[in-house]
Amino acid sequence: MFQATDQVLIERARKGSKRAWLALIKRYEAGVFNHALRMTRNQSDALDVMQETFLSVFRGLDSFRADSSFKTWLYRIVHHRCIDHLRKQPLVSESVDTDDLICSLDGPEGLLASVRQGGQLTRALNELPPAQREVVELKFYQQFTFDEIGLQCGVSSNTVKTRFYTALQKLGQRLVGDEYE
Amino acid sequence: MNKQHQQLIEAWLDNSLSGSERNRFDELLESDPDFQSMVTAASKLLVDAQSFETVPVPEWDRAGAFARTQQSYVQLPRWLTYGAIAVSLIAVSLSVVSITYVKSLNLNTVTAEVVEQGSIQAEDLAHTDAYMTLLSRLQQQQQQANAQLVDYVLTSSRQSREHDMKLLLEHLQKQRQADIEYLDSKIISAQYRNY
């Protein structure tokens, strides 16, 4: 079945086509929501981030230039909305047991946590600084290249790689440490 | 971290290790605990990402978001747009008629001014053309600036906007200081002249 390209949908949405706009949302909402969920670890916050993102996207459609892909531009906005959201949140104390955190999550967050090997990976990911965690999420779960992640986060691909390998080092140390405990 | 190690892990993630790279990769896995732990972490993440089930998106008001955003675009009724254009045209034609009338009065009294009037009209037309060109350039610049501003607001974080605003304020402060110093020097030199 023929599927309109992003550019065609964007053009139609710019001209006021509600159908094209809804098609564009349908195409990306699952990815945006799941990424926001992994970053915020909370369903209602992820929903807020997703709604704010699509609202910003629609308002900014006229300023979108096709010099980068729509998906890259979209995730650039998601990135900033997530960072803004995380800045508003109070820091979680290190003494909080992340097992309790995982068990207390209901619905999609619980599902998200349960599929990650016994929460071990979740715990290790949660201990990473947001910038490093985001790079790991975008690389492994959204399959973006380092260059694309750099465009989304507004940093060079070298910086992205530095964050990525630092994160891998920390995760590796943490996961190996857990095995010996 | 070792650059070569990064390249090996990158190639491994892309599934593009050559034969010699594969051998080096295996050697490092045996001998380097740091390399081993990073590969272990990456493997777990790969497995997790592959087995990860997408969490379904809860129902939300997609159409409502569209309506809210549409409200921000106030569309003028078509008759109002055409009406505004018509009124503008009438105003312009009235001005032209009045200018022509005034000029024709002058023409009746002084015949010798005919050539001069013609040149004035030509000059007026040239000025109008220049003005219209300038206006259209200004409109284009304004549209570009608006698009840039929207893009900036959408894609920049609050922290970077605060940082940019701080830089702007510092720049304005410096300009203001320079203006004060310039005015001070002017006042002092004027006072000397008065003496």
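Below, each value reflects all heavy atoms present in this structure, side chains not excepted, and no hydrogens, waters or symmetry copies. We name chains A, B, ... by the order of the sequence lines, and we start the count at 1 in each one.
- Interface summary for chain A: among B/Val39, B/Leu46, B/Asp34, B/Leu149, the most heavy-atom pairs under 4.5 angstrom belong to B/Leu46.
- Only the side chain of B/Leu13 comes within contact range of chain A, judged by heavy atoms closer than 4.5 Å.
- A single hydrophobic cluster is seen to contain both A/Phe33 and A/Trp21, as judged by linkage of ILVMFWY side chains at heavy-atom distances under 4.5 Å, directly or through other members.
- Residues B/Arg62 and A/Leu22 come closest through the heavy atom pair CB-CD2, 3.6 Å.
- Atom CH2 of B/Trp60 and atom CZ of A/Phe54 lie 5.5 Å apart (nearest 0.5 Å).
- Pairing each heavy atom of B/Ala49 with each of A/Phe140, the nearest pair is CB-O, 3.3 Å.
- Looking at A/Val136, the atoms closer than 4.5 Å to chain B (heavy atoms on both sides) all sit in the side chain, from C-beta outward.
- Inter-residue side-chain proximity for B/Leu45 and A/Leu168 is flagged as met; some heavy-atom pair is nearer than 4.5 Å.
- By the rule that hydrophobic residues join a cluster once side-chain heavy atoms approach within less than 4.5 Å of another member, A/Tyr141 and A/Ile83 end up as members of separate clusters.
- In terms of hydrophobic clustering, with Ile, Leu, Val, Met, Phe, Trp and Tyr side chains grouped at heavy-atom distances under 4.5 Å, A/Leu138 and A/Val49 are assigned to different clusters.
- With rounding to the nearest 0.5 angstrom, the CD1 atom of B/Ile9 is 6.0 Å from the OH atom of A/Tyr165.
- Residue A/Lys170 does not touch chain B at all, counting heavy-atom pairs closer than 4.5 Å.
- In this structure, CD in B/Glu59 is found 10.0 Å from CG in A/Leu47, a value given to the nearest 0.5 Å.
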### Task
Step by step, work out the side-chain contact (heavy atoms from CB on, under 4.5 Å) result for B/Val57 and A/Val32.
CA-CA 9 Å; B/Val57 182; A/Val32 170; over 6 Å; no
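- Considering all non-hydrogen atoms of both residues, B/Thr54 and A/Ala30 come closest at CG2-CB, 4.2 Å.
- Note on A/Val78: it does not cluster hydrophobically with A/Leu151, by side-chain heavy-atom contacts below 4.5 Å among ILVMFWY residues.
- The neighbour count for B/Glu30 CD, taken as heavy atoms of other residues, nucleotides or ligands under 6.0 Å away, does not exceed 12.
- Atom CD of residue B/Glu10 and atom CZ of residue A/Phe164 lie 8.0 Å apart, to the nearest 0.5 angstrom.
- The distance from atom CG of B/Asp48 to atom CD of A/Gln120, rounded to the nearest 0.5 Å, is 11.0 Å.
- Taking CD of A/Gln173 as the reference point, atom OG1 of B/Thr40 lies at 12.0 Å (rounded to 0.5 Å).
- Residues A/Leu175 and B/Ala41 approach most closely at CD1-CA, 3.9 Å, considering heavy atoms.
- Taking all atoms of both residues into account, the shortest heavy-atom contact from B/Val55 to A/Asn34 is N-OD1, 2.8 Å.
- Note on A/Thr162, A/Val57, A/Asp84: by heavy-atom pairs under 4.5 Å with chain B, the leading option is A/Asp84.
- Considering all non-hydrogen atoms of both residues, A/Gln43 and B/Pro58 come closest at NE2-CG, 3.0 Å.
- Linking Ile, Leu, Val, Met, Phe, Trp and Tyr residues whenever their side-chain heavy atoms come within less than 4.5 Å leaves B/Tyr131 and B/Leu138 in two separate clusters.
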